[in-house]
Amino acid sequence: MFATVAQLGPHAGREVTLRGWLYNLRSKGRIHFLLLRDGTGTCQCVVFAGDVTPEVFDTAGRLDQECSLEVTGQVREDARSPGGFELQVTALQVLGASADYPITKKEHGTDFLLRNRHLWVRSRLQHALLRIRAEVIAASQEWLNAQGFVRFDTPILTPCSAEGTTNLFSTSYFDLGPAYLAQTGQLYVEAGMMAFGKVYCFGPTFRAEKSKTRRHLTEFWMIEPEMAFADHEENLRVQESFLSAVVARVLDRRKEDLLTLSRDTAALERVTPPFPRITYDRAIELLNEHATELTDAMPPRWGEDLGAPHEVLLSRLHDKPLFVTHYPAAIKAFYMQPEPSRPEVARCADLLAPDGYGEVIGGSERIHDADLLERRIREHGLRVEDYGWYLDLRRYGTVIHSGFGMGIERAVAWIAGVHHIRETIPFPRMLDKIYP
RNA sequence: UCCCCGAUAGCUCAAUGGUAGAGCAUGCGGCUGUUAACCGCAGGGUUGUAGGUUCGAGUCCUACUCGGGGAGCCA
């Protein structure tokens, strides 16, 4: 009877067959200890010389790391096995050999591990991390679904730049000229919002930026909710509830993986609404007050965007994710609603994760007035004719609306507590790196 | 695009300008409870590329290539 490592408990005392890969082998004279992983967990399988034929015992002692195996034996409770149950082996069959597996038990360099990413994902820490990623994605979608949001998929191939100036990957689209890989689904999701009230899109987005930092990928996944009749305040409330719910679910269901990654879960327990909020104006003041703590950076002047060192410092002054609201309109996207009493700032917010993980969510109230939106498109040097359909959304039953986008990888990096974003996606795409 | 650091065995790293080393991995041998097990033996190298300085260069100098860290931009 086949079993999985995670479900061994009910089989205690009985004989089962596990199928998986050899994580590690330790031999001690007349005993071999096989660590078998099957994706659900890792189980220590013990081969005693007296329990099996000499041929099987010899085979067990020569197994290669990561060979695939079927192992049959009796399930026994034993604290010395990682999952609390071990298998006393009676039979064993190699399914696929694994000579010279490159990733060994000692340390490796980043470049080597990324070149072997297709194998690296089998390793313990990577396995825990990617499980957390899957949980973040599932939690995000299921929370939104439960709140009445409808998933509304947006195109990846797009005819023009959604936000203008940033670098896009381009390809040729038959004889219709260039097409671009989407850097956001936001404009399209606004069309969906007017059909369904509350929608979100979820998929890969692409930025051809020459960014070489621990927070950047050229291909990353983003979940972008958009809500009709929601203003800036409502937008922030949804964001803090959403992110808190995602964190709570990871704590509930993937605590073991967080511990595998040595994540301080107490810091995650604090992630509950409301989140602290400061305006951009206040952020500038704070940065000037703490200027001496800024290494290799000056406090920004009003009108300049916040840099990575600034975001790190601001987030360190708070023990929860931090909203920075009302950035100067001039440094934000063209579609953001100006604050009525101060049109030089936008009704927007960046949500900064603690510990220097940077902006995990960016959002805003959108301009709902057709004339203002058209003016902004022109002011940003964009072609109005490219945005005909987008302007239509304001011509046919416009409403106040808001939305935001969360970068999955940044959220996962912060929640899991891993330093570099490249490990939070199975196959990272970075500047100068596209293999495997 | 800019700044800093690096490149030596399959992998991770040592080596005052003076004979190229270790751990892991691999192969062989030993050990009845190991937790990246341990112990013994063995094989494994055009020191990133091209020039230069020197009696002598892994080590110093120049250029290039590749990689790592950071910045800008952004999620």
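Quick note on labels: first sequence line is chain A, next is B, and so on, each numbered from 1.
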Q: Donor-acceptor pair under 3.5 Å: do we get one between A/Arg115's side chain and the base of B/G10?
A: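 It does not, because no donor-acceptor pair links the side chain of A/Arg115 to the base of B/G10 below 3.5 Å.
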
Q: A/Asp100 CG to B/G43 C1': how many Å, rounded?
A: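 Rounding to the nearest Å, CG of A/Asp100 and C1' of B/G43 are 13 Å apart.
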
Q: Students often get this wrong, so: under 4.0 angstrom with heavy atoms, is A/Arg124 touching a base, only sugar-phosphate, or nothing?
A: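 Since no nucleic acid heavy atom lies under 4.0 Å of A/Arg124, the category is nothing.
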
Q: Say you pick atom P in B/C66 and the same atom in B/U16; how far apart are they, in whole Å?
A: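 Taking atom P in both B/C66 and B/U16, they lie 30 Å apart.
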
Q: With rounding to the nearest 0.5 Å, note down the distance linking OG1 in A/Thr265 to CZ in A/Arg254.
A: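 These two atoms lie 14.5 Å from each other.
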
Q: Tell me yes or no: between the side chains of A/Asn145 and A/Tyr200, is some donor less than 3.5 Å from an acceptor?
A: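 Indeed, the side chains of A/Asn145 and A/Tyr200 share at least one donor-acceptor pair under 3.5 Å.
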
Q: Between B/G40 and B/C31, how far apart are the C1' atoms? Round to whole Å, please.
A: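 About 12 Å, rounded to a whole number of Å.
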
Q: Which nucleotide, if any, forms a Watson-Crick or G-U wobble pair with B/G56, using both distances under 3.5 Å?
A: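 Across any shown strand, B/G56 pairs with none.
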
Q: When you match A/Gly405 and A/His310 each to their closest nucleotide on RNA chain B, which lands nearer the 5' end?
A: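 The answer here is A/His310.
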
Q: With a 3.5 Å cut-off and no angle check, do the side chains of A/Glu423 and A/Gln126 form a donor-acceptor pair?
A: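 A/Glu423 vs A/Gln126: donor-acceptor pair found between side chains.
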
Q: So, under a plain 3.5 Å distance rule, would you say the side chain of A/Glu304 forms a donor-acceptor pair with the base of B/G72?
A: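 Checked by distance alone, the answer is no.
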
Q: Using the side-chain heavy atoms of A/Glu209, tell me which of these nucleotides is nearest: B/G33, B/U12, B/C73.
A: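 When the side chain of A/Glu209 is considered, B/C73 is the closest of B/G33, B/U12, B/C73.
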
Q: Below 3.5 Å, does any donor atom in the side chain of A/Lys210 face an acceptor in the base of B/G72, or the other way round?
A: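 Donor-acceptor pair under 3.5 Å: no.
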
Q: Please indicate whether A/Glu107 has more than 12 foreign heavy atoms, meaning atoms of other residues, nucleotides or ligands, lying under 6.0 Å from its CD.
A: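 Not more than 12 within 6.0 Å, no.
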
Q: With sugar-phosphate meaning primed atoms plus P, OP1 and OP2, does A/Asp305 contact a base, only sugar-phosphate, or nothing at under 4.0 Å between heavy atoms?
A: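 If one applies the 4.0 Å heavy-atom cut-off, A/Asp305 turns out to touch the sugar-phosphate alone, with no base involved.
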
Q: B/C24 P sits how many Å from A/Leu25 CG, rounded?
A: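 Nearest whole value for this atom pair: 15 Å.
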
Q: How many Å lie between CD1 on A/Ile103 and C1' on B/U12, as a whole number?
A: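 Atom-to-atom, A/Ile103 to B/U12, this comes out as 13 Å.
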
Q: What does A/Pro309 touch in the nucleic acid at a heavy-atom separation under 4.0 angstrom: a base, only the sugar-phosphate, or nothing?
A: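 Counting heavy atoms under 4.0 Å across all strands, the contact made by A/Pro309 is with sugar-phosphate only.
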
Q: Under 4.0 Å between a side-chain N/O of A/Lys332 and OP1 or OP2 of B/C73, yes or no?
A: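 No.
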
Q: Does some side-chain heavy atom of A/Arg366 sit less than 4.5 Å from a side-chain heavy atom of A/Glu190?
A: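 They are in contact (side-chain heavy atoms under 4.5 Å apart), so the answer is yes.
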
Q: Once you round it to whole Å, what is the distance between P of B/G68 and NE2 of A/His420?
A: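 For the pair A/His420 NE2 and B/G68 P, the rounded distance is 8 Å.
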
Q: Between B/G10 and B/U54, how many Å separate the two C1' atoms, rounded to a whole number?
A: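 After rounding to an integer number of Å, I get 35 Å for this pair.
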
Q: Between B/G70, B/A71, B/G67, which nucleotide gets closest to the side-chain atoms of A/Arg214?
A: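 Side chain of A/Arg214 sits closest to B/G70.
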
Q: Taking the side chain of A/His108 as heavy atoms from C-beta outward, which of B/C11, B/G72, B/U32 is closest to it?
A: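 Of all the options, the side chain of A/His108 is nearest to B/C11.
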
Q: Is the A/Phe404 to A/Phe242 ring centre distance short of 6.0 Å?
A: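 Between A/Phe242 and A/Phe404, which both carry aromatic rings, the centre distance is below 6.0 Å.
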
Q: So which one's nearest nucleotide on RNA chain B is more toward 5', A/Leu306 or A/Gln44?
A: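 Checking each residue's closest nucleotide, the 5'-ward one belongs to A/Gln44.
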
Q: Of the listed nucleotides (B/U12, B/G69, B/G72), which one gets closest to any side-chain atom of A/Arg422?
A: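 Of the candidates, B/G69 comes closest.
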
Q: Going by purine N1 to pyrimidine N3 plus the second Watson-Crick contact, or the G-U wobble pair, all under 3.5 Å, which nucleotide sits opposite B/C38?
A: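 Paired with B/C38, as far as the under-3.5 Å criterion goes, is B/G30.
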
Q: Could you tell me the separation between the CG atom of A/Asp350 and the C1' atom of B/C73, rounded to a whole number of Å?
A: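 To the nearest whole Å, that distance equals 13 Å.
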
Q: Indicate, with a heavy-atom threshold strictly under 4.0 Å, whether A/Gly358 touches base, sugar-phosphate, or nothing.
A: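 Result for A/Gly358 = nothing.
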
Q: So what does A/Ala308 touch, heavy atoms closer than 4.0 Å: a base, only the sugar-phosphate, or nothing?
A: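 Sugar-phosphate: the residue A/Ala308, judged by heavy atoms under 4.0 Å, touches backbone atoms but no base.
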
Q: Tell me what A/Glu86 touches on the nucleic acid: a base, only sugar-phosphate, or nothing, going by heavy atoms under 4.0 Å.
A: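 It contacts base atoms.
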
Q: If I pick the P atom on B/A71 and the same atom on B/C13, what distance separates them, to the nearest angstrom?
A: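 Nearest-Å result for B/C13 against B/A71 at atom P: 22 Å.
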
Q: Using atom P in both nucleotides, what's the gap between B/G58 and B/C2 to the nearest angstrom?
A: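 Roughly 32 Å separates the two P atoms.
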
Q: Report yes or no: do A/Asp281 and A/Thr279 form a side-chain donor-acceptor pair below 3.5 Å?
A: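 Short answer, no.
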
Q: Applying a 3.5 Å limit to both distances, which nucleotide forms a Watson-Crick or G-U wobble pair with B/U46?
A: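 When the pairing criteria are applied, nothing turns out to pair with B/U46, so the answer is none.
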
Q: Side chain of A/His216, base of B/C74: donor and acceptor closer than 3.5 Å?
A: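 Looking at the base of B/C74, it does pair with a donor or acceptor on the side chain of A/His216 (distance under 3.5 Å).
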
Q: Which nucleotide wins on minimum distance to the side chain of A/Arg215, given the candidates B/G70, B/A71, B/U12?
A: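 Selected nucleotide: B/A71.
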
Q: Which nucleotide, in any strand shown, forms a Watson-Crick or G-U wobble pair with B/A22, with both distances under 3.5 Å?
A: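 For B/A22, the partner nucleotide comes out as B/U12, under the 3.5 Å rule.
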
Q: From NZ of A/Lys212 over to P of B/C66, roughly how many Å is that when rounded to an integer?
A: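 To the nearest whole Å, that distance equals 12 Å.
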
Q: Is there a donor N/O on one and an acceptor N/O on the other, under 3.5 Å, for the side chain of A/Arg26 and the base of B/U34?
A: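 For A/Arg26, whose side chain was compared with the base of B/U34, there is a donor-acceptor pair (under 3.5 Å).
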
Q: What distance, rounded to whole Å, do you find between the two C1' atoms, one in B/A14 and one in B/A7?
A: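 One C1' to the other, the span is 15 Å.
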
Q: Across the strands shown, which category fits A/Leu217 at heavy-atom distances under 4.0 angstrom: base, sugar-phosphate, nothing?
A: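 Base, at least one base heavy atom under 4.0 Å.
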
Q: How many whole angstroms separate atom CG of A/Asp78 from atom P of B/G33?
A: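 Rounded to the whole Å, the gap is 13 Å.
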
Q: Using atom CD1 of A/Ile434 as one end and atom P of B/G67 as the other, report the distance to the nearest whole Å.
A: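 Roughly 13 Å, once rounded to whole Å.
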
Q: My understanding is that a pair needs two contacts under 3.5 Å, Watson-Crick or G-U wobble. By that rule, which nucleotide pairs with B/G51?
A: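 WC or wobble partner is B/C61.
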
Q: Quote, to the nearest angstrom, the P distance that separates B/A20 from B/U47.
A: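 To the nearest whole Å, 10 Å.
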
Q: Using a cut-off of less than 4.0 Å, is there contact between a side-chain N or O of A/Lys28 and OP1 or OP2 of B/C31?
A: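 No, outside the criterion.
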
Q: Using a heavy-atom cut-off of under 4.0 Å over every strand shown, decide if A/Ser27 touches base, sugar-phosphate, or nothing.
A: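 If one applies the 4.0 Å heavy-atom cut-off, A/Ser27 turns out to touch a base.
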
Q: Does the B/C11 base have a donor-acceptor partner in the side chain of A/Thr104 within less than 3.5 Å?
A: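 Result: no qualifying N/O pair found.
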
Q: Using a distance-only test with no angle check, is there a side-chain donor-acceptor pair under 3.5 angstrom linking A/Tyr335 and A/Gln186?
A: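 Yes, a side-chain donor-acceptor pair sits under 3.5 Å.
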
Q: What nucleotide, of B/U12, B/A71, B/C74, holds the atom closest to the side chain of A/Thr213?
A: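 Closest nucleotide to the A/Thr213 side chain: B/A71.
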
Q: Rounding to the closest angstrom, what is the interatomic distance between B/C5 and B/A50 at atom C1'?
A: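 Looking at atom C1' only, B/C5 and B/A50 are 22 Å apart.
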
Q: Between A/Gln88 and A/Arg76, do the side chains contain an N or O donor and an N or O acceptor separated by less than 3.5 Å?
A: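 The answer is yes; a qualifying pair exists.
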
Q: Is there a side-chain contact between A/Arg30 and the phosphate of B/G30, meaning an N or O under 4.0 Å from OP1 or OP2?
A: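 For B/G30, OP1/OP2 do not have a side-chain N/O of A/Arg30 under 4.0 Å.
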
Q: Mind checking who B/C2 pairs with, Watson-Crick or G-U wobble, both distances under 3.5 Å?
A: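 With both distances under 3.5 Å, B/C2 matches B/G70.
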
Q: Heavy atoms only, 4.0 Å cut-off, all strands: where does A/Glu359 land among base, sugar-phosphate and nothing?
A: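 Sugar-phosphate, no base atom in range.
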
Q: Decide if atom CD of A/Glu289 counts as having more than 12 heavy atoms of other residues, nucleotides or ligands within a radius under 6.0 Å.
A: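 Correct, the count exceeds 12.
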
Q: Does A/Arg76 place a side-chain N or O at less than 4.0 Å from the phosphate oxygens OP1/OP2 of B/G33?
A: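 It does not, given that no N or O in the side chain of A/Arg76 lies less than 4.0 Å from OP1 or OP2 of B/G33.
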
Q: Pick base, sugar-phosphate or nothing for A/Phe33, based on heavy-atom distances below 4.0 Å to the nucleic acid.
A: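 Base, at least one base atom sits under 4.0 Å.
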
